[in-house]
There are 2 protein chains.
Amino acid sequence: MNVKPKTVTTTTTNRDDQLDLIFHALANRTRRALLALLAKGPSRVTDLAEPFGVSLNAISKHLAVLEKAGLVSRRIDGRVHHCALVADPMASAGEWIAAYERFWSARLDSFVDYVENEMD
Amino acid sequence: MNVKPKTVTTTTTNRDDQLDLIFHALANRTRRALLALLAKGPSRVTDLAEPFGVSLNAISKHLAVLEKAGLVSRRIDGRVHHCALVADPMASAGEWIAAYERFWSARLDSFVDYVENEMD
DNA sequence: CTAATTGTCAACCATATAGTTGAATGTTAA
DNA sequence: TTAACATTCAACTATATGGTTGACAATTAG
């Protein structure tokens, strides 16, 4: 008796925490642009910062936010940090959004119906 | 010459502004829960607030954020405000995310390959 | 060894967020 | 007409955000 498990498999962060972090990370255009850059391949912090009109420090902070959301990984090689895109967490966000797909496909469907019946 | 158009079709908010608003709106679990409620049908503000352990005012503010992002519409009928889900803007966010799908489908693909070749 | 490079840390600032309480507005019901 | 109801507005608090500058630690190059 009283054998309820102590390790509750709390995945450290539950789904809501994770979605909070991911959506928050995506809610900034500079961070989205950083992800777009990383989609072209891994890159050093300085190179990532170069296209933006803000300080290296600001980019460093943005990368920390992305890292916390699991969207960026980092390999430290001497003094240079190589950052890489980790898109997997976006799948969670995408799935969450996809659950609402039927609510916006309706309009499209009626447009399709309209087009399909236009020959009448 | 010098006939460049003056009305640049600035849709008042450009795509980045819109994504900022949408992702920010989604980056809060209470607001996501509100959208989930509204997915079941339109609802009055008071009814929306009832399941949450926060003040009506807090919910009122969350609804304002969702409205600003275009995710909620409101029909005022006397003293009661009827809120409804407007999922369409989610499509933009979904499309943005979908552009990264190939970066996480890789893993899934190799799993599919593995399964498909398991008979060898 | 010294100097330049890479990147973070620390402190600071202005603004935004999420929440509160209390008052105000408008609407419906008794 | 008065009282209850449905919401927002206003003011306030605590914390987070995005940015800055300057210092620091570590690595590499001259």
Side-chain angles (χ1 to χ4, degrees), chain A residues 13-14 16-38 41-85, chain B residues 13-14 16-38 41-85:
Chain A
T13 52
N14 68 136
D16 276 333
D17 289 337
Q18 201 193 310
L19 287 174
D20 283 356
L21 290 175
I22 296 168
F23 281 128
H24 169 248
L26 299 184
N28 176 283
R29 70 195 64 192
T30 300
R31 286 194 292 266
R32 288 196 303 276
L34 284 170
L35 292 174
L37 284 181
L38 288 172
S43 187
R44 313 183 317 149
V45 174
T46 304
D47 291 345
L48 284 171
E50 190 269 329
F52 299 94
V54 297
S55 68
L56 179 65
N57 275 15
I59 298 300
S60 180
K61 282 186 181 184
H62 281 307
L63 287 171
V65 172
L66 290 168
E67 220 177 345
K68 192 167 155 197
L71 291 166
V72 159
S73 70
R74 187 188 301 252
R75 180 176 51 84
I76 300 177
D77 187 20
R79 66 182 166 184
V80 37
H81 298 210
H82 293 275
C83 296
L85 174 67
Chain B
T13 51
N14 67 135
D16 276 332
D17 289 338
Q18 201 192 311
L19 287 174
D20 283 356
L21 291 175
I22 296 169
F23 280 129
H24 170 248
L26 298 184
N28 177 282
R29 70 194 65 192
T30 299
R31 285 193 293 266
R32 288 196 302 276
L34 285 169
L35 293 174
L37 283 182
L38 289 172
S43 188
R44 313 185 314 150
V45 174
T46 304
D47 291 345
L48 283 172
E50 189 267 329
F52 299 95
V54 298
S55 69
L56 179 66
N57 275 13
I59 298 299
S60 180
K61 282 188 181 182
H62 281 306
L63 287 171
V65 171
L66 290 168
E67 220 178 345
K68 192 166 156 196
L71 291 165
V72 159
S73 70
R74 187 188 301 250
R75 180 175 51 84
I76 300 178
D77 186 21
R79 65 184 166 184
V80 36
H81 297 210
H82 293 275
C83 297
L85 174 67

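Labels below follow one simple rule: chain letters A, B, ... track the order of the sequence lines, proteins then strands, and each chain is numbered from 1.
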message: Any side-chain N or O of Ser60(B) below 4.0 angstrom from OP1/OP2 of dT7(D)?
response: no

- prompt: What integer distance in Å separates Asn28(B):CG from dT17(D):P?
  reply: 12 Å

His81(B) NE2 to Leu63(B) CG distance, which is reported to the nearest 0.5 Å: 10.5 Å

query: Between atom NE2 in His81(B) and atom P in dT28(C), what is the gap in whole Å?
result: 11 Å

query: Separation of Leu48(A) atom CG from dT6(C) atom C1', in whole Å?
result: 13 Å

- line: Distance col, row Asp16(A):CG vs Thr30(B):OG1, nearest 0.5 angstrom, shows 9.0 Å

task: Measure from CG on Asp47(B) to C1' on dA6(D) and round the result to the nearest Å.
output: 11 Å

- prompt: When we call it a touch if two heavy atoms are under 4.0 Å apart, what does Arg31(B) touch: a base, just sugar-phosphate, or nothing?
  reply: sugar-phosphate

- prompt: Any idea which of dT6(C), dT8(D), dG19(C) is nearest the Arg44(A) side chain?
  reply: dT6(C)

- prompt: When the distance from CG of Asp77(B) to C1' of dT28(C) is rounded to whole Å, what number comes out?
  reply: 12 Å

field: Residue closer to the 5' end of DNA chain D, Lys61(A) versus Lys61(B) (nearest nucleotide)
entry: Lys61(B)

query: Which part of the nucleic acid, if any, lies within contact of Ser55(B), taking any heavy atom under 4.0 Å across all strands shown: a base, the sugar-phosphate backbone alone, or nothing?
result: base

- request: Choose from dT21(D), dA18(C), dA6(D) the nucleotide whose nearest atom is closest to any side-chain atom of Asn57(A).
  value: dT21(D)

Separation of dT6(C) C1' from Arg79(A) CZ (nearest whole Å): 6 Å

message: Between Thr30(A) and dG18(D), is there a contact of a side-chain N or O with OP1 or OP2 at under 4.0 Å?
response: no

task: Specify the separation, in whole Å, of atom CD1 of Ile76(B) and atom C1' of dT25(C).
output: 12 Å

- line: Nearest heavy-atom contact between Cys83(A) and Val45(A) is SG-CG2, 4.1 Å

field: d(NE2, His62(A); C1', dG7(C)) in whole Å
entry: 16 Å

Residue pair Arg31(A) / His24(A): nearest heavy atoms and the distance that separates them: NH2-O, 3.0 Å

- request: Report the residue from Ile59(B), Leu37(B), Leu34(B) that forms a side chain to side chain contact (heavy atoms under 4.5 Å, CB included) with Pro51(B).
  value: Leu37(B)

query: Considering only dA6(D), dT20(C), dG18(D), which nucleotide approaches the side chain of His24(A) most closely?
result: dG18(D)

